There are 2 protein chains.
Amino acid sequence: MIMGEKYNKFSKYFVAIDCVIFGYEDGDLRLLLYHRGFEPAKGQWSLLGGFVGDEESSDDAAHRILKAITGLEDIYLEQVQVYTNPKRDPEGRVMSIGYYALIRVDKHNSDKVRENGAHWWSVKGLPNLVFDHQEMVDNALHKLQQKAGLELVGSELLPDKFTLLQLRRLYEAIFQRELDTGNFRKKVLSLNVLERLEEKNTTESRRGAYYFQFKKGVTDKSFDRLGKF
Amino acid sequence: MIMGEKYNKFSKYFVAIDCVIFGYEDGDLRLLLYHRGFEPAKGQWSLLGGFVGDEESSDDAAHRILKAITGLEDIYLEQVQVYTNPKRDPEGRVMSIGYYALIRVDKHNSDKVRENGAHWWSVKGLPNLVFDHQEMVDNALHKLQQKAGLELVGSELLPDKFTLLQLRRLYEAIFQRELDTGNFRKKVLSLNVLERLEEKNTTESRRGAYYFQFKKGVTDKSFDRLGKF
DNA sequence: CCAAAAGTGTTCTCTCTACACCCATGA
DNA sequence: TCATGGGTGTAGAGAGAACACTTTTGG
């Protein structure tokens, strides 16, 4: 700020939050979208959003909004970027801070979500989105891919215990391409962040696959780079 | 105004821009910092900033501000993130969108810069910065490192022609560690984006080193990954 | 038996890294 | 001559990709 004193001569703007909410279910990477019940763009699909309040940071606002709709606290959230095109919202000048969230579908309050007219959509077949929300989704997916390439995501999206097949399907959904079974297994296990349980899952294969879970107390910094997927 | 009829119950905020301006000179990665001539935090050092105007996007605002102070258009700019802590500016609620810029020191208007009380500081020895500006610098440097690891930066920071020693020193400054001469040379040349000129620079070594320049018409997408530095 | 996933092993290729080594030249 | 950077080459370690193969078990 090179201009002086008070800021009164400058304009103020509405600042909103829009959340790209990722969930993983039935082998599908999904987004939680809302059917807008109000103008502008009433009846179209949009991301979950809200406005930033006087006493909160945008991170706080995003957590507040997510908790209200999913019932969950401690959600993984990351800022994507701000969208400031003066014409992005036809109703007025609103800047929007994009976030992406990773949700444990098995733990969220699905009744509340349904009541609010929300619906999980597969990222492979999204409806037309309102305003610049498709761009937000694209940017968010890119950020998620970066994160997943740098560390093993899973605890934020999968149930507590999961098979390597489920983990691989998650990665295939994130990167939108198929991964080699053997190579994936070796790479993931070499990271030394998973522990095998004695229990097996027999619903997805004849032979049955061991369940795994994330080791406790793994600092998230146990590996610098997960490599290329 | 028509604007915001529907949003009237929500608050509006000042939205500022703060730019982390990187330049490279004398083997040093430097930042352009301003001595604040006004309250709050008068007399301290800060990033170059300004407020977003009614009819412009934040990208536009950042370009406008940078042009006003450096005389340059077509500056490489990238959004870092938004800073929204309600207490970040003691004078009032101001959200700030952080950007980083790469400047050709040899082309910028150094007189204008000096008139405004600005000064280039080496990133290795920055003064105390105002508000959360140090955090912005850290985040910006991290983003720059990411970019430099994905593609060959250089044309945005170096003169049109440069030696591989100068390019290596730039990378050493960005990553803040020493790089192997031979390996750096091989990696960089293998990207096939530089062309050697016939001219040599004899000021930095006895033997003299060939100048290189970026090939014309290289799409910036000529390589997916520069690898690990 | 067959299909499908579980799980292991092998080979080839490429990249990164750490050096060694010669060249050219001004002080 | 020596120091310094310019420039080239090489051997080893490790990661990634492709793929073969064996195991298990419900239908």
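Computed from a predicted structure; not experimentally measured. Residue numbers begin at 1 in each chain, while the letters A, B, ... track the order of the sequences.
Note: CG (A:Leu179) to P (C:dA5) measures 15 Å, nearest angstrom. Between the P atom of C:dT8 and the CG atom of A:Leu189 lies a distance of 8 Å, rounded to the nearest Å. Between the CZ atom of A:Phe175 and the P atom of D:dG16 there is a distance of 12 Å, rounded to whole Å. For A:Lys186 and C:dT11, the NZ to C1' distance is 11 Å, given to the nearest whole Å. For A:Gln166 and C:dA6, the CD to C1' distance is 13 Å, given to the nearest whole Å. Remark: C1' of D:dT23 and OH of A:Tyr210 are 12 Å apart, rounded to the nearest angstrom. Distance, B:Leu167 CG to D:dG7 C1': 15 Å, rounded to whole Å. Nucleotide D:dG9 holds its C1' atom 11 Å from the CG atom of B:Asn183, rounded to whole Å.
Residues A:Gly182 and A:Glu204 both approach DNA chain C. Their nearest nucleotides, taken by heavy-atom distance, put A:Glu204 toward the 5′ side.
With A:Glu156 contributing its side chain and A:Ile103 its backbone, the two residues share no donor-acceptor pair below 3.5 Å.
Taking the six-membered ring where tryptophan is involved, the planes of A:Tyr100 and A:Tyr76 are tilted, since the angle between them lies from 30° to 60°. Between B:His133 and B:Phe131, the ring planes lie perpendicular to each other; the angle is over 60°, past the 30° to 60° tilted range.
The side-chain hydrogen bond (donor to acceptor under 3.5 Å, both in side chains) test applied to B:Glu199 returns B:Lys161, not counting sequence neighbours.
Taking CG of B:Asp59 as the start and CZ of B:Arg64 as the end, the distance is 12.5 Å to the nearest 0.5 Å.
Here the shortest heavy-atom pairing between A:Phe214 and A:Gly154 reads CE1-C, 3.8 Å.
A salt bridge does not link A:Glu195 to A:Lys215: none of the charged nitrogens lies less than 4.0 Å from a carboxylate oxygen.
Of the candidates D:dC19, C:dC16, D:dG7, the closest approach to any side-chain atom of B:Lys187 belongs to C:dC16. Distance from the side chain of A:Leu165 is smallest for C:dA6 among the nucleotides D:dG6, C:dG7, C:dA6.
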Distances for protein N/O vs nucleotides 23-27 of chain C N/O pairs under 3.5 angstrom?
{"residue": "C:dC23", "atom": "O2", "partner": "B:Arg207", "partner atom": "NH1", "Å": "2.7"}

